[in-house]
Every structure is written in structure tokens, then in C-alpha cells.
> 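Right, I'll just put the structure down here and ask away after.
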There are 2 protein chains.
Amino acid sequence: MAEQLTIGELARRTGVATSALRYWEDLGLLPAPARVSGQRRYPPSAVRLVGVVMLLRDVGFTLREVKAFIAARSPAGDGWRELYQRKLTELDQRIAQAQVARTVIAHGLACPHRDIFECSNFAGGVAALLAGSSLEEAHEEIHSH
Amino acid sequence: MAEQLTIGELARRTGVATSALRYWEDLGLLPAPARVSGQRRYPPSAVRLVGVVMLLRDVGFTLREVKAFIAARSPAGDGWRELYQRKLTELDQRIAQAQVARTVIAHGLACPHRDIFECSNFAGGVAALLAGSSLEEAHEEIHSH
DNA sequence: CAACGACTTCAAGTACGCTTGAAGTCAAAT
DNA sequence: ATTTGACTTCAAGCGTACTTGAAGTCGTTG
């Protein structure tokens with residue numbers, strides 16, 4: 001039981017290149033697996049771990065953040081709670097942004113205007129964006145001047 | 001009226017560095033603005049345009065994709081419809097993934113397990129991920145073997 | 001008129017996330 | 001015994017998205 005996977009098999013099952021898996025290991029994202037005559041042998045659970053890394057990476061976290069995220073859990077300290085909370089907030093912002101983007105693009109598709117920027121609905125979507133993100137200074141600028 | 005912005009003002013209002021704005025212009029993302037004795041003068045609408053670029057960039061599109069997205073609208077052709085439709089689909093996938101990630105992280109926060117991977121709920125979230133994305137081969141592997 | 005601050009170009013450098021290539025090892029099949 | 005295929009390490013290269021630094025140009029201000 002618990003058949004071990006070679007790096008090639010892990011790559012096939014996850015869709016992640018072997019070179020990338022070695023790179024992730026170098027970065028400390030994946031634990032160094034057992035070796036059989038020099039070759040890596042992964043436990044089946046590695047598939048899940050790789051999945052988590054992919055998920056977090058695809059969702060906009062850097063590999064260092066993913067590392068911190070995974071590694072944070074072991075110590076007895078509460079540091080990880082803070083980290084998880086921050087990530088959760090980031091993720092909520094990301095989802096909200098993606099939904100604004102979705103609205104904007106969907107409207108772009110539906111709107112007959114040649115120049116999308118002439119369209120008030122489109123502008124409205126962007127205005128929603130302006131309210132959040134790093135454009136808060138803009139908000140103050142507009143109201144103070 | 002229609003007071004023109006210097007690159008510095010545009011940077012302040014958008015939160016994007018002047019160097020990045022020039023880079024975006026080089027890439028063809030932003031149209032070359034008017035010049036007053038060599039210096040760029042942007043129309044106020046540039047703030048909105050920069051906002052759109054930021055939005056799409058932050059949501060995971062490359063700058064080339066953003067360029068295509070913005071530029072696609074001008075020609076009389078229908079090529080842009082296809083592009084918008086594809087982007088919309090990509091975006092829906094991204095949102096779905098982000099929501100899975102959110103669930104996973106939220107659970108990680110709520111779950112008392114020391115090792116998150118021991119938790120079946122966590123595994124369930126990841127399993128949801130495995131069903132989509134590039135892990136479809138894995139799905140076939142699992143069922144064929 | 002000198003200095004200041006904000007702008008200009010252009011080339012080079014940086015961080016991230018990998019990929020590619022060279023050279024070698026190992027187990028199994030021919 | 002040699003060939004095949006999958007693996008190994010290590011260094012270098014690449015695409016994306018910028019930043020940084022040098023050297024120079026403006027318009028204003030003292």
C-alpha cells in the first residue's frame with residue numbers, strides 16, 4: 001500500500017512540470033521526499049500538497065507566501081492565525097476585484113458603444129474599482145481639490 | 001476645463017509609479033499623450049484608463065492581454081467579441097478558484113487540526129480544486145488505474 | 001543667473017517563476 | 001554488454017513587469 005510516486009508520476013498527476021517540482025522543493029515549499037537510489041519517491045499525499053500550492057499560486061499568492069502559509073501551521077504559536085486572517089482578507093479583495101472585472105468585461109460585450117470609455121456603465125464599473133484598491137489617495141485628492 | 005495632468009499627478013492619483021506609466025506607454029497600453037515642451041500631459045480620462053489596466057492586471061491578465069483587450073475594440077471586426085468572451089470565461093474560472101481558496105483558508109483558520117492536511121474538510125476543498133484546472137489528467141489516471 | 005524640482009531618454013539591473021541544457025547515474029530490457 | 005528511459009545536479013537563460021541610475025532639459029523662484 002501507500003505506493004510511492006516518482007517525480008514524473010507526480011508531474012503527470014498534477015500537471016506541474018518536474019522542473020517546477022524540484023524548484024518548489026529548493027524553495028522549501030515541498031518537503032524533500034524519500035529517495036530510492038538517488039531518485040525522489042513521493043507519498044500519495046504529495047498530490048494534495050501540490051494541489052494546494054497550485055491553488056494558492058493561481059489565486060495570486062507568491063511562492064514565498066504559499067511557503068509561509070503552509071509552514072506557519074506547525075509551530076504552537078498563534079502567528080499563523082494572523083497570517084491566515086490576512087490572506088483571507090486579501091482573497092476577499094481579490095474576489096471582489098475579479099467580480100468588478102467580470103462586470104466590466106461582460107458589459108463591454110453587451111454594450112454597443114464603439115469606444116467603451118464613452119459608456120457610462122463601463123465608467124461606473126471602473127469607478128467602483130477606484131473606490132477600493134490603491135486609489136484611495138485619488139479619492140482624497142478629488143475631494144480636497 | 002479638462003485640466004491636463006502631468007505624469008507625476010497621474011501617478012499620485014492612480015498609485016502607479018511614473019516609471020510604470022512610461023513602461024505601459026512603451027508597450028502600447030497607454031496612448032502617447034500630448035506634450036508640453038517635451039513633458040507628457042494626460043487628459044483626466046487617463047485616470048480611468050489606468051484604472052482599467054490595473055483592474056485587469058490585478059485580476060491575472062498579462063499586460064499584453066490587457067493591451068489586446070483595450071485595443072480590440074476599435075476595428076469594425078468581431079474579433080473582439082471572441083476575445084471578450086474568452087476573458088469572461090477565464091475570469092469566471094478565476095473567481096471560482098478564488099472562492100475555493102477562500103473556503104480552504106477559512107477552514108484552515110477554523111479547524112483545530114495541527115496538520116491541516118489531516119483534516120478531511122481541507123482535503124475536500126482541495127479535491128474540489130482537483131476536479132477543475134489542469135488536474136483532469138489526474139482524474140483519468142485515478143479512474144483508469 | 002543659479003539652483004530647484006519635475007520632468008525627459010536610455011541602458012542596465014532586479015525579482016519572480018520557471019525552463020533548458022550539459023553531463024552523469026541507475027535499473028531494466030534487448 | 002549496451003542501450004533505453006527516467007531520473008539526478010548545477011548553471012545559465014528567459015519572459016514578465018518593472019525599478020534604478022546617469023545625464024540632460026525645462027520652467028519657476030530667490
Side-chain angles (χ1 to χ4, degrees), chain A residues 3-43 46 49-70 90 94 133-134 137 141, chain B residues 3-43 46 49-70 90 94 133-134 137 141:
Chain A
E3 55 173 85
Q4 306 275 95
L5 306 172
T6 64
I7 198 170
E9 284 162 14
L10 183 57
R12 250 172 282 117
R13 295 197 189 186
T14 58
V16 177
T18 59
S19 56
L21 292 172
R22 292 197 195 93
Y23 176 67
W24 290 3
E25 186 180 324
D26 285 353
L27 286 189
L29 252 130
L30 302 181
R35 300 253 181 171
V36 171
S37 65
Q39 297 191 3
R40 292 168 179 81
R41 288 301 133 89
Y42 296 91
L49 179 53
V50 170
V52 173
V53 173
M54 291 171 73
L55 179 64
L56 297 177
R57 179 202 60 181
D58 291 350
V59 135
F61 296 152
T62 67
L63 295 187
R64 276 93 191 160
E65 287 175 321
V66 174
K67 178 185 172 173
F69 184 82
I70 291 172
E90 276 178 50
R94 247 183 252 282
S133 86
S134 60
E137 303 99 312
E141 277 284 317
Chain B
E3 56 174 81
Q4 304 277 94
L5 307 172
T6 64
I7 197 170
E9 285 163 11
L10 184 56
R12 249 173 284 115
R13 295 197 188 186
T14 58
V16 177
T18 59
S19 56
L21 291 173
R22 292 196 195 92
Y23 176 66
W24 290 2
E25 185 180 323
D26 284 353
L27 286 189
L29 252 131
L30 304 181
R35 302 251 179 171
V36 172
S37 65
Q39 297 192 3
R40 290 167 180 82
R41 289 300 134 88
Y42 295 91
L49 179 53
V50 169
V52 173
V53 173
M54 291 172 73
L55 178 64
L56 297 177
R57 180 201 58 181
D58 290 351
V59 134
F61 296 154
T62 67
L63 295 187
R64 275 92 190 163
E65 288 175 321
V66 174
K67 177 185 173 176
F69 185 82
I70 292 172
E90 275 177 51
R94 248 184 252 282
S133 84
S134 60
E137 303 99 312
E141 278 285 316

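This one's a predicted model, so the numbers in the text were calculated from it and none came from an experiment. Within every chain, numbering begins at 1; the chains are lettered A, B, ... in the order of the sequence lines, protein sequences first and strands thereafter.
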> Classify the nucleic acid contact of A/R41 as base, sugar-phosphate or nothing, counting any heavy atom under 4.0 Å across all strands shown.
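The answer is nothing, as A/R41 stays clear of every strand by at least 4.0 Å.
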
> Grab the CG-P distance between B/L63 and D/dT19 for me, whole Å please.
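After rounding, the gap between these two atoms is 11 Å.
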
> Just to confirm, is there a sub-4.0 Å distance from OP1 or OP2 of D/dA17 to any side-chain nitrogen or oxygen of B/W24?
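False: B/W24 side-chain N/O out of range (4.0 Å or more) of D/dA17 OP1/OP2.
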
> Under 4.0 Å, counting only non-hydrogen atoms across every strand here, what does B/T18 touch: a base, just sugar-phosphate, or nothing?
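Nothing: the residue B/T18, judged by heavy atoms under 4.0 Å, touches no strand.
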
> Measuring from A/R40:CZ to A/R22:CZ, what's the distance to the nearest 0.5 Å?
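It is 5.5 Å, given to the nearest 0.5 Å.
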
> Given atom CG of B/L29 and atom C1' of D/dA17, what is their separation to the nearest angstrom?
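Going from CG in B/L29 over to C1' in D/dA17 covers 11 Å.
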
> A/E65 has an atom CD; how far is it from atom C1' of C/dA15, in whole Å?
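Going from CD in A/E65 over to C1' in C/dA15 covers 13 Å.
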
> Which whole-number value in Å describes the distance from A/D26 CG to D/dT8 C1'?
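Rounded to whole Å, this separation is 12 Å.
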
> Across the strands shown, which category fits A/S19 at heavy-atom distances under 4.0 angstrom: base, sugar-phosphate, nothing?
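Answer is base: heavy atoms of A/S19 come under 4.0 Å of a base.
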
> So B/E25 and B/L21, do their side chains get closer than 4.5 Å, heavy atoms only?
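No, their side chains stay 4.5 Å or more apart.
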
> Given D/dA17, is OP1 or OP2 found less than 4.0 Å from the side-chain N or O atoms of B/R64?
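Looking at the OP1 and OP2 atoms of D/dA17, one of them is under 4.0 Å from a side-chain N or O of B/R64.
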
> State whether B/T6 places a side-chain N or O below 4.0 Å from either non-bridging phosphate oxygen (OP1 or OP2) of C/dA6.
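Result: no.
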
> Grab the two heavy atoms, one from B/T18 and one from B/I7, that are nearest each other, plus how far apart they are.
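B/T18 and B/I7 have their closest heavy atoms at O-CD1, 3.7 Å.
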
> Checking all strands, does A/R22 fall into the base, sugar-phosphate, or nothing category for heavy-atom contacts under 4.0 angstrom?
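If one applies the 4.0 Å heavy-atom cut-off, A/R22 turns out to touch a base.
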
> In Å, rounded to the nearest 0.5 Å, how long is the span from CG of A/L63 to CG of A/L56?
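If we round to the nearest 0.5 Å, A/L63:CG and A/L56:CG are 10.0 Å apart.
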
> Considering only NZ, NE, NH1 and NH2 on the basic side and carboxylate oxygens on the acidic side, decide whether B/R94 and B/E90 come within less than 4.0 Å.
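Looking at B/E90 together with B/R94, the answer is yes, because their closest N to O distance falls below 4.0 Å.
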
> Taking OP1 and OP2 of C/dT9, is either one under 4.0 Å from a side-chain nitrogen or oxygen of B/R40?
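Looking at the OP1 and OP2 atoms of C/dT9, one of them is under 4.0 Å from a side-chain N or O of B/R40.
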
> Examine D/dC7: is either OP1 or OP2 under 4.0 Å from a nitrogen or oxygen in the side chain of A/S37? Give yes or no.
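No, no such contact exists.
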
> In whole angstrom, what separates A/K67's NZ from C/dC16's C1'?
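Rounded to the whole Å, the gap is 15 Å.
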
> Nearest to the side chain of B/Q39, which nucleotide is it out of D/dT16, C/dC7, C/dT19?
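Output: C/dC7.
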
> Taking only the side-chain nitrogens and oxygens of B/R57, find out if one of them lies under 4.0 Å from OP1 or OP2 of D/dC18.
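Affirmative; the distance criterion is met.
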
> B/R35 has an atom CZ; how far is it from atom C1' of D/dT25, in whole Å?
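After rounding, the gap between these two atoms is 13 Å.
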
> In whole Å, what is the span from the CG atom of B/L21 to the P atom of D/dT19?
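Rounded to the whole Å, the gap is 9 Å.
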
> Between A/E25 (CD) and D/dC7 (P), how many Å, whole number?
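Those two atoms, CD and P, are 14 Å apart.
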
> Which is true for A/I7 with a 4.0 Å heavy-atom rule: it touches a base, it touches only sugar-phosphate, or it touches nothing?
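Sugar-phosphate: the residue A/I7, judged by heavy atoms under 4.0 Å, touches backbone atoms but no base.
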
